[in-house]
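Letters A, B, ... mirror the listed sequences (proteins, then strands); counts begin at 1.
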2 protein chains.
Amino acid sequence: MKDIARELGVSVATVSRALSDSPSISRERRQAIQQYAREHNYFPNVIAEQLRHSRRNPSHAIGVIVPELVHYYFSSILDGIESEASARGYHIIVAKSNESYEREVQICEAMLKNKVCGIIVSQAKDTEQYDHFLHLESCGVPLVFYDRICPALNASRVVVDDYMGTMNAVSHLIETGCKRIAFYGAPMNMVIAKNRFNGYRDSLYKHGLELDEGLVRICDNRADAERITPAMMRQANRPDAFFAVNDETAIGILSVVKRLGFSVPDEVSICGFTNGFRATVCDPMLTTVEQRGTQVGKEAADILIGLVEGTLSRDHAEKRIVKTRLVVRGTTRHL
Amino acid sequence: MKDIARELGVSVATVSRALSDSPSISRERRQAIQQYAREHNYFPNVIAEQLRHSRRNPSHAIGVIVPELVHYYFSSILDGIESEASARGYHIIVAKSNESYEREVQICEAMLKNKVCGIIVSQAKDTEQYDHFLHLESCGVPLVFYDRICPALNASRVVVDDYMGTMNAVSHLIETGCKRIAFYGAPMNMVIAKNRFNGYRDSLYKHGLELDEGLVRICDNRADAERITPAMMRQANRPDAFFAVNDETAIGILSVVKRLGFSVPDEVSICGFTNGFRATVCDPMLTTVEQRGTQVGKEAADILIGLVEGTLSRDHAEKRIVKTRLVVRGTTRHL
DNA sequence: TAAATGAGTGCAATCGTTTGCGTAGCTCGT
DNA sequence: ACGAGCTACGCAAACGATTGCACTCATTTA
């Protein structure tokens, strides 16, 4: 700007006003300045702009914290956030917590310093203190949780409809003739785990089936599934179906069940939750609950931007639930 | 700082120096100021710091451009970049090009404005002009390419050893008794496609086998693989093995081959390239070339930071090749 | 003809830090 | 007693932009 001002024999203030189309600058000057700027491809220094406006205007940087990156669901969410953010003129700063509370705190600190306008976060499994989140809010940085929400905070959030998703999936199993449905869930201290279990339980009740505690296990990964499933299948009163908290676990079950010589889905039905890459790779392909990570990401970004731009009130926690969808494939019977 | 200065009756300059441990401030004052700052948890305004230093010092923001986010290899790379960057005090701004040239240009522009200290990028498939990259370099923003490098630019880059990876994989097929090995590759205008094909060809030659053009196809995704493989398998002189340019394609081949009633790996061997999620989900599990995305990401970040911090010269293009590793599983025979 | 109006500019402060330079006050040597 | 030298600090400019206010003319109005 200084250069432009010098070359055109005007003051920096005039240049500034001309470039921002201020009506108080005469037409000819304005156009001359704009043209000169264009020709010398001038563009404003964001840093300086931000410093100037730091009191009033937030930056356009959204902080995103993910527990891990190499993970289908989180990738989808990141994808959704990126799409929504970039479409609305924001960019994203991504950091992964590695499921570590300490790292999460560090990241929050760093993002605060770097003046993000808000943060979209899924808690680390480790996290049981929330001071860092509170501190952010007290510094005026709005927070939106996704997936793993913070139960102690009444913050804005986006989650999938775990309850109904599971309910529908289990109903589908029952309606296709399954009577003894095993449930492999995540540890119950996670909200999503509880919701999915409730969906399972209520679906059984709705169809007049009883809940057999012997069919319920805490198991949310493939290794564990492969370890515990053989015993499950060898018991006299073995299950004729499995509902797993995620696709990975379902794949573990599938591989064991096949190895033991059961036919899927004729003897054993299996249903997962995610609908990631895995679901169409296994044989038969996996019936699963589509988790719509991209949609979750978009909603989260939408809320955050709403909060930042004042469309949404910061006093009220916006809570959105993304509907799931059952994708029926080869590991369950058709009607 | 102003507040601290006022409260302690000194000038802002003194506060600044005290906080940066300048020896020209008396011990007592320095400690008093530091303590006061700590107690009122003061931390410097990065924006202002950057503005002040904008002439000399680069920011600590690394721009990362990925063609897509929901993709195993790119996720791994992102993971590697994030790890290396955060370990060395940088943060990453992530944007996806959606394989679109125009979007890529926009992103470069935006990142330039946002004063990233450098950019790590894999080109969109679309991209055939390179002005935007040249423009960045001319603005002093160093570039590091990964995966899809820009052949027209002599820029720093990290790629996997496609040639040797393929060579070893095909050798393994031959050594386990395969004689007619089909090759499904990506379009030959991509450098990685060419290298993999060369690895295939040279491995055949090395083992005294002839290259049969009838066994070579352009095919790099599952849908196409499922479409063209039946014909391939029905010809009189059908292949007894497949090498596919990525796991996804290999899975497509596997599903067709199984459906046609061939046994894997007894009648047909299959080898992929990536070693992503899919590889351990299919049945039998996929023999594949491990692409080590995380390592690629780390190397890329390492180069970029080297360039930024001056450890590496900007005049010389740093080119690194990440070694691949053959992971033998169930879709190929063992020795 | 003097005063009021208003369009078009420039000055200077500001955002929060850093830093070159100047200087007050002290000690010390001669 | 006076200048040199040193320590410890403050002043003010700078980074690149924005903006309230004042100012200069030319034009209109009474």
Open item on the list: Of the options C:dC11, D:dA8, C:dC15, whose atoms approach the side-chain atoms of A:S54 most closely?
Closed with: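 Closest nucleotide among those given: C:dC15.
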TODO: For salt bridge (charged side-chain N to carboxylate O under 4.0 Å, His left out), just list the numbers for B:R148 and B:E99, CA-CA rounded to whole Å, side-chain angles, deciding distance to a tenth of an Å, and then say yes or no.
DONE: CA-CA 11 Å; B:R148 310 230 200 91; B:E99 302 285 12; 2.9 Å; yes
Taking atom [atom2] of [N] as reference, at what distance in whole Å does atom [atom1] of [X] sit?
{"X": "B:I47", "N": "D:dT18", "atom1": "CD1", "atom2": "P", "value": "15 Å"}
{"X": "A:R27", "N": "C:dT9", "atom1": "CZ", "atom2": "P", "value": "14 Å"}
{"X": "B:L51", "N": "D:dT18", "atom1": "CG", "atom2": "C1'", "value": "13 Å"}
{"X": "A:Q50", "N": "C:dT14", "atom1": "CD", "atom2": "P", "value": "21 Å"}
{"X": "B:K115", "N": "D:dG16", "atom1": "NZ", "atom2": "C1'", "value": "10 Å"}
{"X": "A:L8", "N": "C:dG8", "atom1": "CG", "atom2": "P", "value": "17 Å"}

Task: Check against salt bridge (charged side-chain N to carboxylate O under 4.0 Å, His left out), B:K113 and A:E49 - done: CA-CA 11 Å; B:K113 281 195 190 176; A:E49 275 179 326; over 6 Å; no
Open item on the list: Measuring centre to centre across the rings, with the benzene-like ring taken for any Trp, is A:F145 within less than 6.0 Å of A:F133?
Closed with: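 So the answer is yes for these two rings.
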Which atom pairs link the protein and nucleotides 17-20 of chain C when you take only N or O atoms and keep those under 3.5 Å?
from   : atom 1 : to    : atom 2 : distance (Å)
C:dT17 : OP1    : B:Y42 : OH     : 3.2
C:dT17 : OP1    : B:N45 : N      : 3.0
C:dT17 : O5'    : B:Y42 : OH     : 3.4
C:dT18 : OP2    : B:S16 : OG     : 2.8
C:dT18 : O4'    : B:R52 : NH1    : 3.3
C:dT18 : O2     : B:R52 : NH1    : 2.5
C:dG20 : O6     : B:R17 : NH1    : 3.3
C:dG20 : O6     : B:R17 : NH2    : 2.9

- [ ] Could you walk me through whether A:S86 and B:K96 pass the side-chain hydrogen bond (donor to acceptor under 3.5 Å, both in side chains) test, one step at a time?
- [x] CA-CA 9 Å; A:S86 75; B:K96 95 180 136 144; over 6 Å; no
TODO: Start with the C-alpha distance between B:D126 and B:R103, add both sets of side-chain angles, then the distance that settles salt bridge (charged side-chain N to carboxylate O under 4.0 Å, His left out), and finish with yes or no.
DONE: CA-CA 10 Å; B:D126 258 23; B:R103 183 84 191 99; over 6 Å; no
Open item on the list: Can you confirm whether the side chains of A:D21 and A:Q34 place a donor and an acceptor under 3.5 Å from each other?
Closed with: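 Their side chains do contain a donor-acceptor pair, which is all the 3.5 Å distance test asks for.
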Task: Phosphate contact (D:dC9 OP1 or OP2) by B:S24 side-chain N/O below 4.0 Å - done: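 For D:dC9, neither OP1 nor OP2 has a side-chain N or O of B:S24 closer than 4.0 Å.
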Task: Any B:R29 side-chain N or O less than 4.0 Å from OP1/OP2 of D:dA8 - done: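 It does not, given that no N or O in the side chain of B:R29 lies less than 4.0 Å from OP1 or OP2 of D:dA8.
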